[in-house]
Amino acid sequence: MSTQHDPPSGPAGALPATRPEVVLAASMFVGVWLAWPWFAFNAFALGLEDKAQLAKRLMVGFAGSSALAILAFSLLEPESFDASLLGLLFDDPEPDDFSFFPYVVIALVGWKALTAYRLYEDQRLRAEVYEYYGGTLRNSVPLVVGGVMIRSWVLLQLLPVGWWTLVIA
Amino acid sequence: MTDDPHIQRLLDRAFARIDHNDLLGAFDILHELLTLDPDVGEAHALLALCLIDMHSLGSARAEAETALNLDSDSAFAHQAMGSVSLVEGKLEAAEAHFEQARALEPANATHYESLANLDALRERPYRHWLDQAIALAPEDASILAAISKERFLAGDLVEARRYADNALASDPEHGDALLAKARVLLHAGDIDDARVHVVAALHADAMDTDALHLLVAVRARKNPALGMWMRWSLWTETMSRGKRIAWLVGLLVGSRFLAQLFSDLGLPRLSGFVQTAWLAFVAYSWIGPEVFRRLLARELADVQLDDTY
């Protein structure tokens, strides 16, 4: 039997893998529309074993976000619709009258953060092992910066504004 | 075990080299041994363990498979394959091999220790494995140190100190034992003594991640801002994954809720304060790890390793 060994090498990944904390940053500064598909892509790039759990987390995340977004929309007065939505999405002045709308949106933000943290935690250890064994993790910060720059275009012009805007924001 | 005394001598030498963290030395001996007799399963299994530490997982798996093919009833071969599976992140496969090793060699404490490591990684209770291991090897410094760490993380500092002392009494130069003691000393505020123990552990193994973390923790205690970060990190690290996420999301939602509530109550300054505090926390926790890494590099430059390393 042979005992010939090559020098130690890292995992050979065909797809570019990114540091999970950068993808987490994308979920905070850019939005779900970029971060969650990126988490899914990164899972394949890192060779994450449990894809079923990834799919479950994404589905539960979307279902919960959609329910909260629909609830938030049902609380809006039709005439305050645009101002409230834009105000919450882009930190413009908020409506003067008291409304439960911002509180539901805070719950929505919390739900999306919970999903993002769980996706991040699923990939954190795997990424460390990947790097430890010679794999190269990309920084990908320029992608986050680019995402921030086109965020408003994606949310308000690429797609019609609706309750789903709150989900993917 | 082999009948050839020369082969057995080489195997013993390889084990001794590994005990002294001389992986390349062990690798060379095993290479020589397998050139003489390529069918020594134990050598293939040991080579697999060497290759794991040399970051060559593909070769490690090949060697562990060869060991299992040569003797599928070898506990050591299952131990090696379990270790390969563990670092590959294949935790169920690792568990199956460690369990098989335990079934084949129920009196070997190493298998219980491996199962404890596996369950610790999965954030499951693992104390019962360590109790079984220590019952089989009451003076094993590695197991005593592992129990000390488990007790420390559980907040039982008295027991953590007792087991750390026992581990050091059993082997005063054991890296894990030194770290166990350093952890307890650092928590008690005895920073200088903790540093002595950490540096001694680094002399045994300069790449010990736990030792490096503790070394930075020792330094951070002298810097209040970094010390605060370290306390936060240690506090969150001792939590389960779910609890840690719940805390972070709770802080996010809580701060936003308070800011909105103060705004609705006509207290804009208080609302602004909450938002600023949250932003400061986010910036601090974002910068903290990077500052920590730089501190680590500077600290490592100061660590003088002895000539025998």
Side-chain angles (χ1 to χ4, degrees), chain A residues 1-12 19 21-22 24-25 28-29 46-50 57 88 91 93-135, chain B residues 23 27 30-35 37-41 43-44 47 50-60 62-63 66-67 69-70 86-93 121-122 209 241-242 244-261 263-265 282 286 289:
Chain A
M1 275 167 213
S2 168
T3 57
Q4 297 301 310
H5 298 290
D6 295 329
S9 60
R19 293 186 185 287
E21 53 266 37
V22 176
L24 181 66
M28 291 173 181
F29 299 115
L46 290 170
L48 205 70
E49 276 185 333
D50 202 346
R57 290 213 196 291
L88 282 156
D91 299 331
E94 292 160 18
D96 292 333
D97 295 338
F98 176 82
S99 163
F100 281 110
F101 178 73
Y103 294 96
V104 179
V105 171
I106 289 169
L108 175 60
V109 168
W111 179 258
K112 289 196 283 188
L114 184 69
T115 307
Y117 271 123
R118 297 191 82 166
L119 290 166
Y120 162 73
E121 283 287 342
D122 287 345
Q123 296 190 5
R124 189 172 64 110
L125 182 63
R126 177 66 205 166
E128 282 176 16
V129 171
Y130 181 90
E131 194 172 33
Y132 187 74
Y133 287 103
Chain B
L23 292 177
F27 187 84
L30 290 168
H31 214 277
E32 181 190 341
L33 187 159
L34 289 168
T35 307
D37 183 354
D39 291 336
V40 181
H44 283 287
L47 192 54
C50 270
L51 286 162
I52 290 174
D53 283 343
M54 293 164 78
H55 307 176
S56 188
L57 276 191
S59 300
E63 288 301 327
T66 305
N69 287 338
L70 286 167
L86 185 69
V87 292
E88 285 178 338
K90 296 172 182 168
L91 303 186
E92 287 184 8
L121 195 65
R122 294 195 287 199
T209 318
R241 201 172 64 160
R244 189 163 58 236
I245 292 172
W247 257 101
L248 289 170
V249 174
L251 278 174
L252 167 71
V253 172
S255 65
R256 285 209 172 196
F257 178 83
L258 276 179
Q260 183 65 42
L261 188 67
S263 173
D264 284 341
L265 292 173
V282 169
W286 201 263

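So that the names make sense, note that chain A is the first sequence line, chain B the second, and so on, each numbered from 1. Note that these values count all heavy atoms, side chains included, but never hydrogens, waters or copies made by symmetry.
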(Q) Given heavy-atom pairs under 4.5 angstrom as the criterion, report whether the side chain, backbone, both or neither of A:Ala25 touches chain B. (A) both
(Q) Does A:Arg118, at its CZ atom, have more than 12 non-hydrogen atoms belonging to other residues, nucleotides or ligands within less than 6.0 Å? (A) no
(Q) Using heavy-atom distances under 4.5 Å, tell me whether B:Val87 contacts chain A through its side chain, its backbone, both, or neither. (A) both
Q) Which atoms form the tightest heavy-atom contact between A:Ile106 and B:Arg256, and what is the distance? A) CD1-O, 3.5 Å
Q) Measuring from A:Phe100:CZ to B:Gln260:CD, what's the distance to the nearest 0.5 Å? A) 11.5 Å
(Q) Testing the basics here: between B:Glu88 and A:Arg126, what is the closest heavy-atom pair and its distance to 0.1 Å? (A) O-NH1, 3.2 Å
Q) Looking at B:Leu252 and A:Ala113, what are the two nearest heavy atoms and their distance? A) CD2-CB, 3.5 Å
**Q.** Portion of B:Leu261 that has a non-hydrogen atom of chain A nearer than 4.5 angstrom
**A.** both
Q | Contact leader toward chain A among B:Gly89, B:Gly58, B:Ala246, B:Gly250, where contacts are heavy-atom pairs under 4.5 Å | A | B:Gly89
